[in-house]
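All remarks here apply to the structure that follows.
Note: hydrogens, waters and symmetry copies are ignored here, and every other heavy atom, side chains too, is used. What you see is a predicted model, and the numbers here were worked out from it, not measured in a lab. A, B, ... follow the sequence lines: proteins, then strands. Residue 1 opens every chain.
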Amino acid sequence: MQPPTNPPASLDDLMQRVVQIAGFTLGELASLADLKAPANLRRHKGWVGQLIELWLGAEAGSQQTQDFAQLGVELKTLPVDESGSPLETTYVCYAHLTGIAGLNWQQSNVRNKLSRVLWIPVQGSRDIPPALRVVGNGFLWQPNNDEEQALRSDWEEIMDFISLGQVEKLTARQGEVMQIRPKAADGRALTDAIGPDGSIIQTRPRGFYLKKSFTKAILQRQFNE
DNA sequence: CGGTGATCATCG
DNA sequence: CGATGATCACCG
């Protein structure tokens with residue numbers, strides 16, 4: 001077994017790849033690809049996601065688009081604890097802080113990314129070395145009406161703050177299922193945003209994240225119903 | 001710098 | 001002890 005060299009031609013093709021890697025450890029998948037698993041993820045935070053991308057044939061470096069654009073699928077690995085609950089929030093996308101006048105939910109990057117997600121649960125407890133973590137059963141998810149409304153409501157509230165120049169008043173506590181948080185290389189990174197008086201200010205770049213309670217509910221809907 | 005992949009680590 | 005705010009690595 002070895003990683004595919006081409007993107008999946010169809011949804012069935014993609015899901016076959018998903019089934020193939022389920023049950024393997026990250027260390028096994030790494031050595032089959034001539035890679036080495038890091039001892040911990042402190043300096044390799046995106047390693048798990050990139051390994052899974054490799055095994056599913058996702059196009060690398062794709063920007064502001066779904067991982068499998070032609071299939072309309074976004075890939076997300078989800079670190080879970082021993083009881084199957086998410087250990088981390090889930091990054092969705094970068095949040096634009098200027099040039100957002102007239103942008104609505106239907107055309108938003110968030111909605112596009114989340115319209116169809118391939119979730120791959122992976123053991124994520126820190127007491128398990130990355131190489132020994134097992135890949136779970138991946139599944140396709142599309143937001144149901146309730147989920148879409150919740151996402152939309154959070155998105156609109158957050159975007160209202162941003163367009164009204166209140167980005168600095170936004171905190172991760174805002175939002176029921178989705179939040180906005182800093183997303184940058186370090187605290188020195190700055191980007192343009194709308195200030196309180198309507199002029200351009202500099203602020204820390206932000207990204208949208210799904211709260212754990214939301215992804216936990218997605219997993220429960222998939223595996224406990 | 002803006003974007004991808006995320007997890008880390010401090011603080012309430 | 002969990003969530004928020006900060007940070008790590010890589011790419012064009």
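Among the protein residues, A:L87 comes within range of no part of the nucleic acid, since none of its heavy atoms lies under 4.0 Å from any strand. Using a 4.0 Å heavy-atom criterion, one finds that A:G46 contacts the bases of the nucleic acid, with or without backbone contacts as well. At the heavy-atom level, A:Q174 lies nowhere under 4.0 Å from the strands shown. At the heavy-atom level, A:Y91 lies under 4.0 Å from base atoms of the strands shown.
Atoms CG (A:L97) and C1' (B:dC1) sit 13 Å apart, rounded to a whole Å. In this entry the distance linking CG of A:D186 with P of C:dA9 reads 11 Å, nearest Å. The CD-C1' distance, from A:E88 to C:dG2, rounds to 11 Å in whole Å. Computed from coordinates, the A:L210 CG to B:dA6 P distance equals 12 Å when rounded to whole Å. In this structure, A:K45 places its NZ atom 7 Å from P of B:dA9, rounding to the nearest Å. For the pair A:I52 CD1 and B:dT7 C1', the computed distance is 16 Å after rounding to whole Å. The distance between atom CG of A:L54 and atom P of C:dC11, rounded to the nearest whole Å, is 14 Å. Here the P atom of nucleotide B:dT7 and the CG atom of A:L26 are 11 Å apart, to the nearest Å.
For B:dG5, its base sits under 3.5 Å from the side chain of A:K183 at one donor and acceptor pair at least. Taking 3.5 Å as the limit, the base of B:dA6 and the side chain of A:Y209 contain a donor-acceptor pair of atoms between them.
Side-chain contact check for A:L11 versus A:F68: every heavy-atom pair is 4.5 Å or farther apart.
One finds no side-chain N or O of A:R181 lying less than 4.0 angstrom from the OP1 or OP2 phosphate oxygen of C:dA6. Between A:R173 and the phosphate of C:dG5, there is a side-chain N or O to OP1/OP2 separation shorter than 4.0 Å. Distances shown here put every side-chain N or O of A:Q50 at or beyond 4.0 Å from the OP1 or OP2 atom of B:dG5. Residue A:T171 places at least one side-chain N or O under 4.0 Å from the OP1 or OP2 atom of C:dG5. For the OP1/OP2 pair of B:dC8 and a distance below 4.0 Å, the side-chain nitrogens and oxygens of A:R126 include at least one atom meeting the criterion. The phosphate of B:dG5 has OP1 or OP2 within less than 4.0 Å of a side-chain N or O from A:K76. At the phosphate of B:dG3, OP1 or OP2 sits under 4.0 Å from a side-chain N or O atom of A:H96. Phosphate contact (OP1/OP2 of C:dA3, side-chain N/O of A:T89, threshold under 4.0 Å): absent. The side chain of A:Q179 places an N or O atom within less than 4.0 Å of a non-bridging phosphate oxygen (OP1 or OP2) of C:dT4. The side chain of A:R43 places an N or O atom within less than 4.0 Å of a non-bridging phosphate oxygen (OP1 or OP2) of C:dA9.
Minimum heavy-atom separation, A:A95 to A:I180: CB-CD1, 3.7 Å.
The nearest heavy atom of DNA chain C to A:R42 and to A:K211 marks one nucleotide each, and the one closer to the 5' end goes with A:K211. For the pair A:P182 and A:A95, nearest-nucleotide mapping onto DNA chain B gives the more 5' position to A:A95. Residue order along DNA chain B, read from the 5' end via each residue's closest nucleotide, puts A:T191 first among A:P79 and A:T191.
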Any chance you could lay out the side chain to side chain contact (heavy atoms under 4.5 Å, CB included) test for A:K169 and A:F161, step after step, and finish with the verdict? CA-CA 8 Å; A:K169 293 222 165 23; A:F161 265 71; 4.2 Å; yes
Run A:E74 and A:R111 through salt bridge (charged side-chain N to carboxylate O under 4.0 Å, His left out) and show every step you take. CA-CA 11 Å; A:E74 171 73 10; A:R111 181 172 184 270; over 6 Å; no
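Donor-acceptor pairing under 3.5 Å is recorded for the side chains of A:E148 and A:W105. In this structure, a donor-acceptor pair under 3.5 Å is absent between the side chains of A:D12 and A:S10. Of the N and O atoms on the side chains of A:E147 and A:W141, at least one donor lies less than 3.5 Å from an acceptor on the other residue.
For A:L41, taking side-chain heavy atoms from C-beta onward, the closest of the listed nucleotides B:dT7, B:dA6, C:dT4 is B:dT7.
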